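Convention: sequence-line order gives letters A, B, ...; per-chain numbering from 1. All figures in this text were calculated on a predicted structure; none of them were measured in a lab.
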Amino acid sequence: MSSLIDYRTCPTTGLKVDRAAEKLIKANAVAAIVFLAIGGLFGLLVALTRWPAVHFLPADMFYLALTAHGLDVLLVWIIFFEMALLYFASAILLNSRLAGPKWAWTGFGLMLVGALITNVAVLQGKSSVMFTSYVPMMAEPPFYVGIILFAVGALIGCCVFFGTLVLAKREKTYEGSIPLVTFGALTAAIIAVFTLASGAIILIPTLLWSLGLVSHIDPLVYKTIWWAMGHSSQQINVSAHVAVWYAIAAMVFGAKPLSEKISRMAFLMYILFLQLASAHHLLVEPGMSSEWKIFNTSYAMYLAVLGSMIHGMSVPGAIEVAQRSRGLTKGMFEWLRKAPWGNPAFAGMFMSLVFFGFLGGISGVVMGTEQINLIMHNTLYVPGHFHATVVAGTTLAFMAITYILVPLIFRRELMMKKLAMWQPYVFGIGVAGISVFMMGAGTLGVSRRHWDMTFADAILPFDYPSAAFLMMGLNGIFAVMAAVGGLMYVVIVVGSVFFGKKLTDDEKPSYPEVPPESAAVSHYGSSESLKIPGTAFLVGIFFTAFVLYYFVNWKYLSEIWPLS
Amino acid sequence: MNENNIPDDAASSDSSDPEQIPLMQRILDNPFLLLVLGIAVPAVFYIIWGIIEITQIPIAD
């Protein structure tokens, strides 16, 4: 059977590339970037409206833009790109053919049609229910139909991924265990199955309700099951972008993980516990017990956080070991100083790792603590947190690996190299600013999902401290910066894919540099070294920041709610 | 490329530094076992436990 499959051999990595998988990776990546551009534009409009001095959109258009922004970037961009990653991590990294390419195209078609239907429903203006679409707010039926079709398509994509794992094992295209990057993708696919099934369980009755066939949906049941989709979909991202970190470390440096066993156990922590963090959206619900809240968001979620901290040490540690083996051994940080900061794949990946850990990770633990959550529940702190995880973490990591995939998969030389060198910095710093200032405003009480923070037409007026207005102005400025960075990415990638110099099948791309050691990405193996003093120092800084910030928030809580 | 479609240079470096794959890891390399665990744990602790709590909320008169 495999002799009938059309393969080429990658001149850079030596991997066998199934052309059917390659076409699907291209299609999913292109669709992802189109929806990133659309969703990013809506995000800019939202930020300009939240900027008090600009206050760009009227209220109805603000909620429309907010709905479209959440849908297109939190769901559509991310999951299309994750489908591309699943096919890359299975068929390409395992040297295998893709199982059921026709099914994969069916899944892609359903996802595309679903995304278009929901977008049209939102743009028609009668489904401005935001991404969460909490009942009893009701959207038009096509809004739910589109999301359900999208979810079914993505589920088919996951099945193709699992099928490819089975096929690769049966046809012995790899030896021993699957590579760590594929294991990370497997983690993402497992979480995706739970996520998409949860979405179907709650959105199908909600569709029937919007059609008038079901009389009532309980809001708390809806909220509980919806968040099993809504928050877990962001856990697919975490698993996928951690796999991308390992992939970039291997492809840029030839780095092997410090310990395969420990990294795989960290992914296992994700499989078992990461999805339970969904409960933090229900921490102020009086109907749920403290036992349920604390078990899910504290005990269980902390085990998933432990997994993230292991990855957060393992990835830079692997890079440090690889750099030191090249002779960059002076002091604690020569390996980091002399890292390829002009390579957008590395720069994007490293910033993704730092911002995800310091901004998204720490704030996630703080927000998941039942008591401290009271300070920031449903404030702008929440979008501040997830812009650090999903945008500075996932989107930046996905952007970073695109710079490697365009030459290797699309077989085009990257265009506008100077612009590409700057892009991760402009986007990353912009998004980090958005995250920090939203969290700052949220700590001061500014509510999320609100068109007018001045409450100009409210019967009972409320004044936020002037610092909150400053925060929202700074948020607007950094949002413009992030939008410029996003536009740079779209221009570079679309320009390269359509107008970049074509590479022949045996021609190696000149930029960014991918060394022959990059083949490590498709193999099992650890560096088995713990000579990582620089990484250990950085981990020490992380823990210090973590402890300080955690206890500062308890102090805030004591000031808001004095007990003496 | 060798018969297992693994680049020769990488395969040779692996063979010079063989690594024992522990039993636990071989078990965890079973994607369908992981799939069952990844669905069952959140389904029980988050969804089912959560829905049981909601059903126990008294209905207002």
Side-chain angles (χ1 to χ4, degrees), chain A residues 9 13-16 94-96 162 165-166 172-178 183 186-187 189-191 193-194 197-198 201 218 220-221 224-225 227-228 232 260-261 264-265 268 270-276 278-279 282 286-289 291-292 295-296 300 516 519-520 522-526 528, chain B:
Chain A
T9 302
T13 59
L15 291 167
K16 250 169 62 173
L94 297 179
N95 284 292
S96 170
F162 282 104
L165 293 187
V166 172
K172 295 188 170 63
T173 63
Y174 66 96
E175 288 178 330
S177 301
I178 54 176
F183 194 80
L186 170 64
T187 305
I190 289 168
I191 297 176
V193 172
F194 173 77
S198 304
I201 287 169
D218 181 82
L220 190 51
V221 170
T224 304
I225 302 179
W227 277 115
S232 301
E260 283 268 3
K261 295 166 197 166
R264 278 166 206 254
M265 285 307 289
L268 179 65
Y270 282 180
I271 292 170
L272 297 178
F273 305 115
L274 196 52
Q275 299 151 81
L276 305 182
S278 307
L282 292 101
M288 314 301 280
S289 70
E291 288 84 354
W292 180 85
F295 176 81
N296 280 287
S522 63
H523 294 283
Y524 180 96
S526 312
E528 300 291 0
Chain B
M1 305 283 273
N2 61 22
E3 61 182 1
N4 288 318
N5 302 322
I6 293 167
D8 290 330
D9 53 348
S12 62
S13 66
D14 276 356
S15 61
S16 63
D17 182 23
E19 189 170 358
Q20 285 277 326
I21 300 171
L23 177 66
M24 177 69 180
Q25 193 165 319
R26 271 181 283 157
I27 292 169
L28 294 181
D29 271 348
N30 180 341
F32 295 101
L33 175 63
L34 296 176
L35 178 63
V36 170
L37 287 172
I39 292 173
V41 171
V44 170
F45 288 109
Y46 176 77
I47 293 182
I48 296 174
W49 184 3
I51 298 297
I52 289 172
E53 298 231 331
I54 294 168
T55 58
Q56 290 176 342
I57 299 172
I59 295 173
D61 294 326

Under 4.5 Å heavy-atom distance to chain B, tell me which part of [X] shows up: side chain, backbone, both or neither.
{"X": "A:Leu276", "answer": "both"}
{"X": "A:Phe183", "answer": "side chain"}
{"X": "A:Ser96", "answer": "neither"}
{"X": "A:Leu186", "answer": "side chain"}
{"X": "A:Leu282", "answer": "side chain"}
{"X": "A:Leu165", "answer": "side chain"}

inquiry  = Please give me the minimum heavy-atom distance between B:Ile51 and A:Val221, naming the atom from each residue.
reply    =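 Looks like CD1-CG1, 3.9 Å.
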
Treating [X] as the side-chain partner and [Y] as the backbone partner, does any N or O pair qualify as donor plus acceptor under 3.5 Å?
{"X": "A:Ser278", "Y": "A:Trp227", "answer": "yes"}
{"X": "A:Asn296", "Y": "B:Phe45", "answer": "yes"}
{"X": "A:Thr187", "Y": "A:Ile271", "answer": "no"}

task = Give a yes-or-no answer on whether the side chains of A:Ser289 and B:Glu53 include a donor-acceptor pair shorter than 3.5 Å.
result =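 Yes, B:Glu53 and A:Ser289 have a side-chain donor paired with an acceptor closer than 3.5 Å.
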
query = Given the options A:Phe194, A:Trp292, A:Phe162, A:Phe295, which has more heavy-atom pairs under 4.5 Å with chain B than any of the others?
reply =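 The residue among A:Phe194, A:Trp292, A:Phe162, A:Phe295 with the greatest pair count is A:Trp292.
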
ask   = Hey, what do you get for OH (B:Tyr46) to OG (A:Ser198), rounding to the nearest 0.5 Å?
value =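 One finds 8.5 Å between OH of B:Tyr46 and OG of A:Ser198.
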
key: Portion of B:Leu34 that has a non-hydrogen atom of chain A nearer than 4.5 angstrom   =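 Contact with chain A: backbone and side chain both.
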
